[in-house]
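So the structure is just underneath, and the comments pick up after that.
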Amino acid sequence: MAKSIAGPEIERLIQLLAKLPGLGPRSARRAALHLVKKREPILRPLTAAMADALEKVGECSVCGNIDTSDPCTICRDPARDQSVVVVVEDVSDLWALERAKALNAAYHVLGGVLSPLEGIGPEDLTIRQLVERVSKGEVKELVIAVNATVEGQTTAHYLMDQLEGLDVRATRLAHGVPVGGELDYLDEGTLSAAMRSRTAL
Amino acid sequence: MGRQSEIGHLRLFDFRNYELLDLSFQKRFVVFAGPNGAGKTNLLEALSLLSPGRGLRRAPYGEMARQGTQSGFSVKASVRIASEETTVVTSVRLDGEGPNSRLVRIDETQAKSAEELLDIARIVWLTPAMDGLFTGPAGDRRRFLDRMVLSIDPTHGRRASDFERAMRSRNKLLSDNRIDDRWLAGIEMQMAELGVAMAVARNELVANLTNAIALADPDLPFPKAGLVLSPGFEEGGLDGPAVQVEDRYRERLARDRYRDAGAGRTLEGPHRADLEVTHLAKHMPAGLSSTGEQKALLVGLIIAHARLTSVLSGMAPILLLDEIAAHLDARRRASLFDLVGDLGGQTFMTGTDESLFEALGDRAQIITIADGAVREPREE
């Protein structure tokens with residue numbers, strides 16, 4: 001271990017920052033230094049914003065979204081079609097779909113995907129809550145928007161199995177040509193998926 | 001003939017025994033000559049990082065960094081494709097910043113995956129470690145086969161690693177004694193789709209390669225190889241449309257859960273495949289041929305595959321031939337150089353003795369290596 005170059009308060013700040021995604025020990029040191037230097041313009045408002053978030057932000061008990069109200073803004077929005085529910089792995093996926101303004105619908109955040117290798121089972125996800133939500137009968141369509149990974153697809157398959165017998169239409173996102181993409185550059189798997197799910201012009 | 005990629009310049013930074021090394025290549029044949037332990041194979045390894053995977057030694061990245069360095073290493077190459085110059089940088093950081101894998105940048109843009117390298121160049125190698133291929137474990141032959149598929153079909157690597165992940169997930173559930181039928185069915189469905197796609201791709205490669213070998217000149221000093229793939233599937237193998245093969249495999253996986261749980265692994269699938277190679281003219285298994293004969297068979301196979309890659313992908317592959325001259329007599333060496341020359345791609349070779357490459361004459365650029373240092377390439 002290198003000798004400590006600053007007091008324990010700074011060391012602790014660095015250690016905590018290093019736990020953030022995308023930050024290693026070196027960039028954490030840089031961030032900590034930056035925060036301490038920009039005390040008034042950044043450190044103070046950031047501290048307040050974090051305290052505020054700690055106090056007010058929580059998980060929506062209906063869909064699992066992150067918001068300051070429960071149910072969340074999306075679940076309470078009367079202008080949204082609450083009979084269509086988009087199932088996503090994570091809040092970040094929900095945000096991505098919202099940024100794209102893809103669909104004026106409600107969401108359900110699974111909180112991950114089934115992964116034996118990471119020790120994540122059905123009980124760690126909000127699958128039971130989703131089944132309950134659908135059982136109430138108000139949801140007419142589920143859009144399964146999980147990632148096209150092994151775990152994502154396994155989870156989708158598992159979900160479909162759980163929903164069997166319930167009166168709900170399940171759809172999934174199309175796999176295919178990205179907007180602005182050139183066919184020449186696509187891999188064969190994507191191309192054949194795109195060809196299979198072709199649509200009428 | 002398709003487009004050619006040619007490496008014009010290579011820069012190593014803290015890679016293996018090289019602190020900083022710059023090399024320029026002017027010819028289609030490049031020979032690294034020097035005593036054992038000088039660092040010739042390290043140069044081929046650096047070049048092999050221009051293809052997906054962990055290079056020709058399949059070493060952990062930590063081992064590729066120069067001893068004593070803390071930060072990591074980088075390999076930078078300028079590749080000419082047609083007349084366009086592309087810069088490829090592969091770097092690995094070992095200080096905890098950044099990902100645990102390597103970062104690939106192509107013309108200053110970070111590649112989404114290492115598979116993008118296959119757009120730049122197709123690289124095929126032959127190393128002394130592959131000498132025991134015909135007698136060694138089936139896993140080595142599967143890896144050899146998968147690399148051959150990958151240089152023609154860039155999606156194969158993804159397919160194989162996804163299958164592996166799905167299979168390990170299944171094994172984990174079984175070993176945890178967690179027989180959740182729905183969960184397992186979801187995983188087995190993925191395994192069936194990916195596994196059959198893998199097997200079909202391998203099968204296609206073996207068929208194409210068999211054709212390519214049949215068309216090769218019978219008078220060459222490299223004996224022709226017969227290839228038989230056992231795909232790893234029981235009852236019915238790969239017969240019938242892919243959908244049926246998938247269904248059969250999926251049903252058997254569901255049926256055999258308890259057997260596999262007992263064995264501690266999945267007993268059926270493409271991970272159990274093997275490639276049987278025979279010496280066609282002698283009608284005998286390749287593994288029973290003499291050491292020299294096995295090397296000649298392997299060289300013949302690599303050349304056939306390189307030619308196939310060039311025809312199917314439209315890119316003449318770059319060949320890395322480590323200690324290639326060692327087991328070949330003068331006639332075979334000369335013939336090898338001509339065959340490789342006909343392929344049209346760039347070839348890098350190593351050898352302890354410059355004289356082994358005499359037959360190349362002024363077609364080759366000889367670079368002499370000693371103790372991690374390079375003597376300036378000779379001007380002719």
Side-chain angles (χ1 to χ4, degrees), chain A residues 2 14-15 17-31 113-125 127-128 131 144 146-165 175 178 181-182 184-193 196, chain B residues 70-72 93-100 112-113 115-116 118-119 149 152-195 197-198 200-201 204 242 250 314:
Chain A
I14 293 170
Q15 273 169 21
L17 284 170
K19 292 196 166 125
L20 294 178
L23 290 196
R26 191 181 302 194
S27 25
R29 268 198 299 277
R30 200 158 46 207
V113 279
L114 293 178
S115 171
L117 300 175
E118 321 258 333
I120 300 169
E123 65 285 351
D124 300 311
L125 307 179
I127 294 176
R128 194 175 46 81
V131 175
I144 313 284
V146 292
N147 291 327
T149 55
V150 171
E151 277 93 353
Q153 295 308 301
T154 300
T155 309
H157 185 267
Y158 183 86
L159 269 179
M160 296 312 300
D161 221 283
Q162 294 282 324
L163 294 163
E164 222 177 82
H175 298 168
E182 291 177 45
D184 197 17
Y185 285 94
L186 287 183
D187 66 80
E188 287 147 36
T190 309
L191 268 180
S192 57
R196 275 198 303 276
Chain B
Q70 304 289 320
S71 52
R93 299 191 65 156
L94 300 170
D95 56 5
E97 306 278 334
N100 268 330
K112 273 190 260 132
S113 78
E115 256 106 75
E116 281 182 36
L118 292 164
D119 290 334
V149 178
I152 289 166
D153 174 0
T155 60
H156 188 69
R158 186 46 167 302
R159 214 154 35 208
S161 61
D162 279 355
F163 173 82
E164 167 88 20
R165 191 165 174 84
M167 182 179 70
R168 284 200 294 129
S169 298
R170 179 176 183 266
N171 291 349
K172 180 83 171 68
L173 281 186
L174 293 178
S175 74
D176 289 350
N177 210 10
R178 189 160 182 175
I179 314 288
D180 179 328
D181 284 335
R182 288 170 166 164
W183 192 353
L184 283 165
I187 293 173
E188 285 159 1
M189 190 168 209
Q190 302 290 307
M191 284 176 68
E193 268 177 37
L194 295 162
M198 257 173 94
V200 167
E204 197 176 289
R250 198 161 39 79

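Below, read A as the first sequence line, B as the second, and so on, with proteins coming before strands; counting in each chain starts at 1.
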Among B:R165, B:R168, B:R170, B:M189, residue most engaged with chain A (heavy-atom pairs, under 4.5 Å):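 Looking at each option in turn, the highest pair count goes to B:R165.
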Partner chain A: residue of B:K172, B:R159, B:R182, B:R158 with the largest heavy-atom pair count (under 4.5 Å):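 Greatest number of close heavy-atom pairs with chain A: B:R182.
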Donor + acceptor pair across side chains of B:T155, B:D153 (<3.5 Å):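 Yes, because at least one side-chain N or O of B:T155 sits under 3.5 Å from a partner of the opposite role on B:D153.
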Heavy-atom proximity to chain A below 4.5 Å, by part of [X]:
X	answer
B:D180	side chain
B:R178	side chain
B:A197	neither

Counting distance only, does the side-chain N/O of [X] pair as donor-acceptor with the main-chain N or O of [Y] below 3.5 Å?
X	Y	value
A:D124	A:G121	yes
A:T155	A:E151	yes
B:E116	B:K112	yes
A:S115	A:I120	no

